[in-house]
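Just so it is clear: chains get the letters A, B, ... in the order the sequence lines come, proteins before strands, and each one is counted from 1.
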Number of protein chains: 2
Amino acid sequence: MGTASTAATGQRRPGRPRSERAERAIIEATLALLAESGAAGLCIEKVAARAGVGKATIYRRWPGKEDLLLDAVACLKAPLPEPRGLSVRDDLLALLEAMCEQFADPCHMREFALLLGEGAAYPRLMTRYTETVIEPRREVIRAVLRRGAVTGELREDIDVDAALFMMIGSVLARSRYGDAPVEPGYARRVVDEMLSGIGAR
Amino acid sequence: MGTASTAATGQRRPGRPRSERAERAIIEATLALLAESGAAGLCIEKVAARAGVGKATIYRRWPGKEDLLLDAVACLKAPLPEPRGLSVRDDLLALLEAMCEQFADPCHMREFALLLGEGAAYPRLMTRYTETVIEPRREVIRAVLRRGAVTGELREDIDVDAALFMMIGSVLARSRYGDAPVEPGYARRVVDEMLSGIGAR
DNA sequence: TCGATACGATACGTTACCGTATCGGATCTC
DNA sequence: GAGATCCGATACGGTAACGTATCGTATCGA
C-alpha cells in the first residue's frame, strides 16, 4: 500500500507501530464517503471524522486525497458469482441478475456512476477501478460466452465483445437515477432477446 | 424560465430592462462549465467570469446554482438524426453510429457521465436532463423498433424496451474513460449481433 | 429631465477544506 | 526506564467559493 517503508525492508522501525485498526477504519470510511459523495466531494476531514481518527494519522500514511482513494479502490472486490451453472443461458441469467441486484443498491450505483463521471478528473483512479472491479467482471462474462461458442450453445462465430457490452450495457443504461428501478424478470428478458435475436426468422 | 415576473404579467417593469444578451451568455457559460467540471464543480464565480458578467447579474435572475443549471439543461437539444432510412437495419445502424460519434466527443461524454454520477445529489436536475435529452432519444429508437415489428423486419413479439437498452447500453458501457475509443464498425457489429441473436441456429 | 432598474466591478464577512504543527498520552524496542 | 514513533485532538494560516452589498454608469418609461 501507500504506507511507509517497513514492509519493503522487512525491518521493524523503532517506536510505536502504526495501528492496523486505524488504517482499516480509514479505508472503510473512504469507501463509504466515496459512494456517498464521489471522489470530488470526498474530503480528508470527513474521512478522519467518520473513521474516528486524527487528520495527521491519515496524512502520515498518504500524501493526499488521490493516493488515499487509489489504495481504497484497490481494496474493492468484484463479487460476481462464479458461474457454474448447467447451461450457458442459466449462467448468463445468473450473472445479469446479480448485476441488476447490485445496481439496484443505490450505494453501488452511486459508487459506479460517480467514478464514471469523474474519470476525466482522476484518470489514475479510474484506471485502478477498471483493473480492480470492472475488467474482472467482464472477463467472467466473456468466459461464459466463449464457452457457449465452443459447446455449440451459442453461435460459433459470436462477436464476444459486442455481446458482452450489450449485456452489461442493458443493465447499465436501464439503472439510471430517475428511471424506475429495474423490475424482476428484466434480466431474463434481456438474455432471451439476446439469444433469439430481434430479427425476423 | 426562472427569471422575473414581467413575462407572467405581460407588463413592462420600469427602469432598464434585463439584457437578453447577458442571459444568453450566462446560459452558454453554464453549459460549457457543466460539460467541463460537472454540476458539483461548477461555481457561479466562474460562470460570471466566463460570461463576462457580474455575479449580481446572475443572482438577480436565479436564486442559486441548481436553479441556474435547471434552466441551462432545459436549453439542451438532443440532436439524434431523424431516421428515414430504407430498412430498419439501416436506421438502427445510423442511430447507433451517431451515438458512438457523440460519445467519442469527450465533451459530450463528460456532460453525460457527470450528470449521471451527480444524479443523486441533484435529482431535479437529473429529471430535467432525462426529459430534455434522454427520453426523446429513446423514443426515436423505440419508434424504429416498433416499426420493424410491424413491417416484419423484426420479430413480431420483440421486447422493445429490452432491445432499446441493449442498443443504447452497448455504446454506453463501451464508451468509458480508460477504455480504448469505440472503433469504427462497432455499431454495425452490435446491430448485426442483435438482429441475428447469439443463440445457435 | 427624473425615477427606477440593470449593468459590470468589486469589497465584504462566512463557510469549508486544505495541509502543517503541536499537544499530552500510549506503545513499541533496546 | 529511555528514546522513538504513533495516537486522537485541535489550532493555525491559506485558499476558494459562497451570497450580499455597494460602487458609478447605462438605459428604460413617464
So with a 6.0 Å cut-off around CD of B:Glu28, is the heavy-atom count from everything else above 12?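 Count not over threshold, so no.
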
Heavy-atom count around A:Glu156 CD within 6.0 Å, excluding the residue itself: above 12?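 Result for CD/A:Glu156: open.
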
Expressed as a whole number of angstroms, how long is the span from [X]:[atom1] to [N]:[atom2]?
X       : N      : atom1 : atom2 : value
A:Arg21 : C:dA26 : CZ    : P     : 16 Å
A:Glu23 : D:dG8  : CD    : C1'   : 16 Å
B:Ile58 : C:dA9  : CD1   : C1'   : 13 Å
A:Glu20 : D:dC6  : CD    : C1'   : 14 Å
B:Arg61 : C:dT5  : CZ    : C1'   : 12 Å

Among A:Met99, A:Gln102, A:Glu101, which residue satisfies the side-chain contact (heavy atoms from CB on, under 4.5 Å) criterion with A:Val171?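 Exactly one candidate clears the test, A:Met99.
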
Name of the residue among A:Leu70, A:Val133, A:Leu69 meeting side-chain contact (heavy atoms from CB on, under 4.5 Å) with A:Arg128: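 By the side-chain contact (heavy atoms from CB on, under 4.5 Å) criterion, A:Arg128 pairs with just one of A:Leu70, A:Val133, A:Leu69: A:Leu70.
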
Is there a side-chain contact between B:Ile134 and B:Phe112 (heavy atoms, below 4.5 Å)?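 Result yes, sub-4.5 Å side-chain heavy-atom pair found.
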
Letter by letter from the 5' end, nucleotides 18-24 of chain D scores (B base, S sugar-phosphate only, - none; protein heavy atoms under 4.0 Å) BBB----

State whether a side-chain donor-acceptor pair under 3.5 Å links B:Glu135 with B:Tyr129.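 Per modelled atom types, B:Glu135 and B:Tyr129 side chains form no pair under 3.5 Å.
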
Could you verify whether a donor N or O on one side chain and an acceptor N or O on the other, from A:Arg176 and B:Thr130, lie under 3.5 Å apart?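 Yes - a donor-acceptor pair under 3.5 Å links their side chains.
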
Kindly point out which of D:dG8, C:dG8, D:dC7 is positioned nearest to the side chain of A:Arg18?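 Shortest atom-to-atom distance from the side chain points to D:dC7.
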
Considering residues at least two apart in sequence or located in another chain, which fulfil the salt bridge (charged side-chain N to carboxylate O under 4.0 Å, His left out) criterion with A:Arg146?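 A:Arg146 satisfies salt bridge (charged side-chain N to carboxylate O under 4.0 Å, His left out) with A:Glu139 once adjacent residues are dropped.
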
Between the protein and nucleotides 1-4 of chain D, are there any N/O to N/O pairs under 3.5 Å, and if so, what are the atom names and distances?
none

Looking only at side-chain N and O atoms, does B:Thr57 come under 4.0 Å of OP1 or OP2 in C:dG8?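 Yes, because at least one side-chain N or O of B:Thr57 sits under 4.0 Å from OP1 or OP2 of C:dG8.
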
